Amino acid sequence: MALRFEILGRFNRARAARLTLPHFTCQTPLFMPVGTQGTIKGLTTDQLEDIGCQIILGNTYHLELRPGSRLIDELGGLHKFMNWKRALLTDSGGFQMVSLLHLADITEEGVTFQSPVDGKPMLLTPEESIHIQNNIGADIIMALDDVVKTTITGPRIEEAMYRTLRWIDRCIAAHKKPDVQNLFGIVQGGLDPVLRDICVRGLVERNLPGFAIGGLAGGEDKDSFWRVVAQCTAGLPENKPRYVMGVGYPLDIVVCSALGADMYDCVYPTRTARFGTALVPEGLLKLKQNAMATDERPIDPTCSCMVCKKYTRAYLHCLVTKDAMGSQLLSYHNLSFMMRLSRDLHTSILEGRFPEFVRGFLRAQFPKGD
Ligand code: PRF
Ligand code: ZN
């Protein structure tokens, strides 16, 4: 195992922990910004360090297409290639292919898809995904899973869950660097508590260094989503990190942390920035609105990030969607917001004032109590 997970404080099911990875020691709960081609769109790695980012996510599928994991390996791994000294996590690639390419098809062997480069049929097997991720060299690598939308019903959900369990053994067997890279298994099973339970037990038996809860945030209602997270965290070992994949919105991170989850990733803060939206304690601030044109305040007067210290809403209104600098500055602020949220969760759990923090967060987001 190439990690240490020490719980420093708890509040009911919520945990504040220290997660020691080969490249960095992180504090949880934590949010991981998503990079695709070895970059978080619009930000330098120095800026990511400045805002307190501890671990970022890379996508196996994108990196394999360009520049290719063999080249990354030859050039000394992704950390060196992208000049990022802190922790990295790579996702296995299957989910990205299925969600991006409607041409992807899943068989027992792996995920088949047409190369977006030359249209040739390609196959991503569990072995190949792990081999690529071994080459990329992230601190945490993810098992190849069979992901289905939570909004479908029928036997396909059960098939995907059992296949995910069969594939985990192929991933474990293919993993050549367990001393320096941590392989996380992914719980699938849709919204079915029986299937989720079988998957949790199956993965726990494999004694992996950490576990992810997958297949969520795909259009199901919040109640179903939170119920699955609550069930999975209850069944996963206390002393291992729990990662809810593809989540999310600030509210979901607060709720999932209360339910005992530790790690999150989502494109939302950077994507919404590119559409001109800033995350603020009250919810969302749309910089495109005409009212912003003469507003001399910072995005968020309570935020101490570089953008809020130096620029007005009026200036950002002028830039958004017209100049790349607009998305860059908004991404910088939005990720700063997520980092502050992660820190606030950690310290409030540690200091025994988690309920007060959650109440304050909810009051700001839902002032009318709805
Ligand atoms: N599996 C993988 N990556 C993911 C997910 C998943 O279930 C999600 C959840 N929708 C986001 N990213 N491998
Ligand atoms: Zn800010």
Side-chain angles (χ1 to χ4, degrees), residues 32 34 36 43 47 50-52 57-62 89-100 104 106 110-111 124 126 129-130 133 140-152 157 160-161 163-164 167-168 171 183-191 196 199 203 211-220 225 228-229 232 243-249 252 256 261 263-269 273 277-281 285 287 297-313 315-316 328-341:
M32 301 180 279
V34 181
T36 35
L43 297 190
Q47 290 178 316
D50 288 345
I51 65 176
L57 195 136
N59 276 326
T60 299
Y61 166 75
H62 292 97
L89 179 150
T90 45
D91 198 356
S92 46
F95 172 75
Q96 283 71 32
M97 295 196 315
V98 174
S99 61
L100 296 175
I106 298 178
V111 185
L124 184 73
S129 171
I130 298 300
Q133 295 187 79
I140 298 174
I141 65 177
M142 301 305 299
L144 189 69
D145 52 344
D146 184 355
V147 192
V148 291
K149 284 211 168 70
T150 42
T151 46
I152 72 159
I157 302 169
M161 185 281 287
R163 181 168 288 143
T164 297
W167 282 1
I168 190 68
C171 290
L183 171 64
F184 280 26
I186 306 173
V187 181
Q188 294 294 343
L191 302 178
R196 286 279 175 181
C199 202
L203 292 175
F211 301 92
I213 303 167
L216 294 173
E220 70 281 358
F225 162 34
V228 172
V229 173
C232 294
Y243 162 28
V244 187
M245 307 190 82
V247 170
Y249 302 120
D252 289 330
C256 292
M263 302 168 67
Y264 312 92
D265 81 279
C266 196
V267 294
Y268 176 68
T277 301
L279 304 177
V280 292
L285 186 75
L287 272 307
R297 288 173 294 175
I299 294 175
D300 171 9
T302 71
C303 177
S304 59
C305 90
M306 174 273 287
V307 176
C308 290
K309 276 197 287 218
K310 300 196 174 172
Y311 301 101
T312 61
R313 295 178 183 184
Y315 177 67
L316 295 162
Q328 288 165 24
L329 295 175
L330 279 192
S331 292
Y332 187 101
H333 164 79
N334 282 357
L335 289 180
S336 301
F337 180 89
M338 299 307 289
M339 296 307 131
R340 172 162 62 135
L341 177 63

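Values below: every heavy atom of this structure, side chains too, minus hydrogens, waters and symmetry copies. Here the structure is a predicted model, which means the values were calculated and not measured. First listed ligand is number 1; within each ligand, the first listed atom is number 1.
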Does some side-chain heavy atom of [Y] sit less than 4.5 Å from a side-chain heavy atom of [X]?
X: Arg340; Y: Pro281; value: yes
X: Tyr243; Y: Leu89; value: yes
X: Arg196; Y: Ile213; value: yes
X: Asp265; Y: Asp91; value: no
X: Met245; Y: Phe184; value: no
X: Lys309; Y: Pro298; value: no
X: Val34; Y: Asn59; value: yes
X: Phe225; Y: Thr150; value: no

Evaluate side-chain contact (heavy atoms from CB on, under 4.5 Å) for Val307 paired with Leu316, printing each intermediate quantity in order. CA-CA 10 Å; Val307 176; Leu316 295 162; 4.1 Å; yes

Sequence neighbours excluded, which residues qualify as salt bridge (Lys or Arg N to Asp or Glu O under 4.0 Å) partners of Arg163?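 Only Glu108, Asp146, Glu159 meet the salt bridge (Lys or Arg N to Asp or Glu O under 4.0 Å) criterion with Arg163.
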
How close does the nearest protein non-hydrogen atom get to [atom], and which residue and atom is it?
atom: atom 7 (O) of ligand 1; value: Gly215 N, 2.7 Å
atom: atom 11 (C) of ligand 1; value: Phe95 CE2, 3.4 Å
atom: atom 6 (C) of ligand 1; value: Asp145 OD2, 3.6 Å
atom: atom 3 (N) of ligand 1; value: Asp91 OD2, 2.6 Å
atom: atom 10 (N) of ligand 1; value: Leu216 O, 2.8 Å

Go through the side-chain N and O atoms of Tyr332 and Asp50 and say whether any donor and acceptor fall under 3.5 Å apart.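 Short answer, no.
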
Gly218 near ligand 1 by a heavy-atom separation under 4.0 Å: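 The answer is no, since Gly218 has no heavy atom less than 4.0 Å from ligand 1.
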
Closer than 2.8 Å to the Zn ion (ligand 2), which protein N, O or S atoms? Cys303 SG, Cys305 SG, Cys308 SG, His333 ND1

For the pair Asn334 (side chain) and Leu279 (backbone), establish whether a donor and an acceptor sit closer than 3.5 Å, ignoring hydrogens and angles.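 Checked: pair present.
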
Quick check on contacts: which atoms of ligand 1 are under 4.0 angstrom from a heavy atom of [X]?
X: Ile186; answer: 13 (N)
X: Val147; answer: 1 (N), 6 (C), 7 (O)
X: Ser92; answer: 13 (N)
X: Gly246; answer: 11 (C)
X: Gly214; answer: 7 (O)

Answer with side chain, backbone, both or neither: which part of Met142 has a heavy atom less than 4.0 angstrom from an atom of ligand 1?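 The answer is neither; Met142 stays 4.0 Å or more away.
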
